[in-house]
Amino acid sequence: MAALALTGIGVGAAQAAEPIATIPDLTGQSTSVRLDSGFTDALESLQVTPGTVGDATISDGSARFPITGGNVTVYRPGEADPYVQGRIEHQGSGLSLTKGDTKVELTDFVVDPGNPATLSGKVTANGQTVAESTVLFDLDGSTLQPIQTDMDAGTATLTGTTVRLNPGAAMALNQAFSTDAIQGGLTIGIATIVVNLPGQMPAMPQGGVETGGGSTAGGPDTALIAAGGLALLAAGGTVLVARRRGAARR
């Protein structure tokens with residue numbers, strides 16, 4: 001019910017739809033973003049220095065944020081809207097952006113695989129809270145790669161989702177750093193999510209599932225991005241191929 005409440009599904013829909021896969025408690029691993037050179041070059045040109053907050057790290061061009069909790073529920077497309085619901089939480093870590101005496105911190109990220117797929121978080125400027133929770137980045141699943149599992153390690157990995165700066169977040173950063181050079185839609189990087197697989201999951205129903213597209217709201221170009229695809233994989237060990245349904249029909 002908590003997952004349904006996050007996405008605004010009514011009680012009637014919740015009663016009618018039966019999930020095909022559920023990870024009720026995400027228990028660790030990480031979300032990392034390989035930072036795009038366009039993003040890092042833009043920061044350098046503005047003399048803005050990126051850094052980390054809390055348990056986050058930046059190494060070899062990638063920023064990594066530990067997963068601290070969350071849940072995912074997946075329904076058959078058409079039986080719930082969006083059909084991938086839930087959240088991936090990253091409490092106690094984040095990204096800092098510093099220029100001179102101004103320091104902006106983006107922390108406590110929450111990935112929502114719904115429609116549209118987004119990453120929200122807390123924003124502070126020089127220690128003062130600007131927003132407890134607001135959309136920071138938009139997530140594009142059209143660049144998704146097939147999911148990989150390591151059964152020995154008990155993990156599933158999904159990589160390829162493109163992370164782009166939300167226009168509202170771009171406006172706020174422009175105000176903080178007294179510039180107009182930061183544009184909404186700027187590619188931040190490519191995300192990789194690694195989650196622990198639960199010990200027991202219900203079997204997947206017969207039939208294939210296609211991914212790729214960037215929306216989980218139903219229709220001809222629906223997608224399973226981020227945790228949604230991981231939940232499906234964990235449920236049945238199904239190999240998912242990242243491709244649009246429309247392309248498959250042509």
Side-chain angles (χ1 to χ4, degrees), residues 6-8 30-58 61-68 70 82 86-143 160-193 214-216 225-227:
L6 285 170
T7 51
S30 66
T31 296
S32 61
V33 180
R34 178 165 290 280
L35 301 176
D36 187 82
S37 61
F39 172 60
T40 55
D41 289 349
L43 293 182
E44 184 176 358
S45 68
L46 294 170
Q47 298 181 318
V48 175
T49 302
T52 60
V53 179
D55 297 328
T57 59
I58 295 180
S62 292
R64 179 183 178 276
F65 310 97
I67 292 173
T68 58
R87 54 193 280 137
I88 305 176
E89 301 169 356
H90 309 76
Q91 299 297 312
S93 66
L95 184 69
S96 67
L97 300 171
T98 304
K99 179 179 182 180
D101 294 332
T102 301
K103 184 175 184 178
V104 176
E105 293 184 344
L106 313 175
T107 60
D108 300 337
F109 296 150
V110 177
V111 173
D112 181 350
N115 180 47
T118 60
L119 187 153
S120 60
K122 180 179 180 179
V123 181
T124 62
N126 292 336
Q128 300 297 313
T129 299
V130 176
E132 283 291 344
S133 179
T134 188
V135 174
L136 301 173
F137 306 109
D138 299 316
L139 306 179
D140 176 8
S142 65
T143 53
T161 296
T162 301
V163 181
R164 294 191 172 93
L165 185 64
N166 180 268
M171 183 181 301
L173 290 175
N174 280 329
Q175 292 175 349
F177 295 119
S178 301
T179 182
D180 59 3
I182 303 174
Q183 301 296 316
L186 175 67
T187 296
I188 303 301
I190 301 296
T192 296
I193 298 178
S215 169
T216 57
I225 71 166

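Just the heavy atoms: all of them, side chains too, but no hydrogens, waters or symmetry mates, feed the values below. This structure is a prediction, so every number in the text was calculated from the model and none was measured.
A heavy-atom distance below 4.5 Å is found between the side chains of I58 and L95. Using a 4.5 Å cut-off on side-chain heavy atoms (C-beta onward), I67 and I193 make contact.
Note that CG of L173 and OG1 of T179 are 10.5 Å apart. Values are rounded to the nearest 0.5 Å. Taking CG from D55 and OG1 from T68, the interatomic distance works out to 9.0 Å, rounded to the nearest 0.5 Å. Considering CD of E132 and CG of D108, their distance stands at 8.5 Å, rounded to 0.5 Å. The distance from atom CD of Q91 to atom CZ of F109, rounded to the nearest 0.5 Å, is 11.0 Å. Note that CZ of R34 is 10.5 Å distant from CD1 of I190, once rounded to the nearest 0.5 Å. Distance check: Q175 CD to I182 CD1 gives 11.0 Å after rounding to the nearest 0.5 Å.
Residues F65 and S93 approach most closely at CB-OG, 3.8 Å, considering heavy atoms. The two atoms that bring S96 and V53 nearest to each other are CB-CG2, 4.0 Å, heavy atoms only. The two residues T98 and K103 have their closest heavy-atom pair at OG1-CG, 3.4 Å. Minimum interatomic distance between A181 and L46 (heavy atoms only, all atoms of both residues): CB-CD2, 3.9 Å. Closest of all the heavy-atom pairs between S120 and S133 is OG-OG, 4.0 Å. Residue F177 comes nearest to L97 through the heavy atom pair CZ-O, 3.5 Å, listed as atom of the first residue, atom of the second, then distance.
A side chain to side chain contact (heavy atoms under 4.5 Å, CB included) with V123 is found for one member of T107, V130, T129 and no other, namely V130. Only one option out of L139, V110, D112, L136 pairs with T118 in a side chain to side chain contact (heavy atoms under 4.5 Å, CB included); it is D112. Each of V111, V163, L186, T162 was compared with F137 under the side chain to side chain contact (heavy atoms under 4.5 Å, CB included) criterion, and only V163 meets it.
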Using a 3.5 Å cut-off and no angle test, enumerate the donor-acceptor pairs between side-chain atoms of residues 164-172 and protein atoms at least two apart in sequence or in another chain.
| from | atom 1 | to | atom 2 | distance (Å) |
| --- | --- | --- | --- | --- |
| R164 | NH1 | D140 | OD2 | 2.8 |
| N166 | OD1 | G168 | N | 2.9 |
| N166 | ND2 | D138 | OD1 | 3.2 |
| N166 | ND2 | D138 | OD2 | 3.4 |

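Crowding of D180 atom CG: a count of heavy atoms from other residues, nucleotides or ligands under 6.0 Å not exceeding 12. Heavy-atom contacts from other residues, nucleotides or ligands closer than 6.0 Å to NZ of K99 number more than 12.
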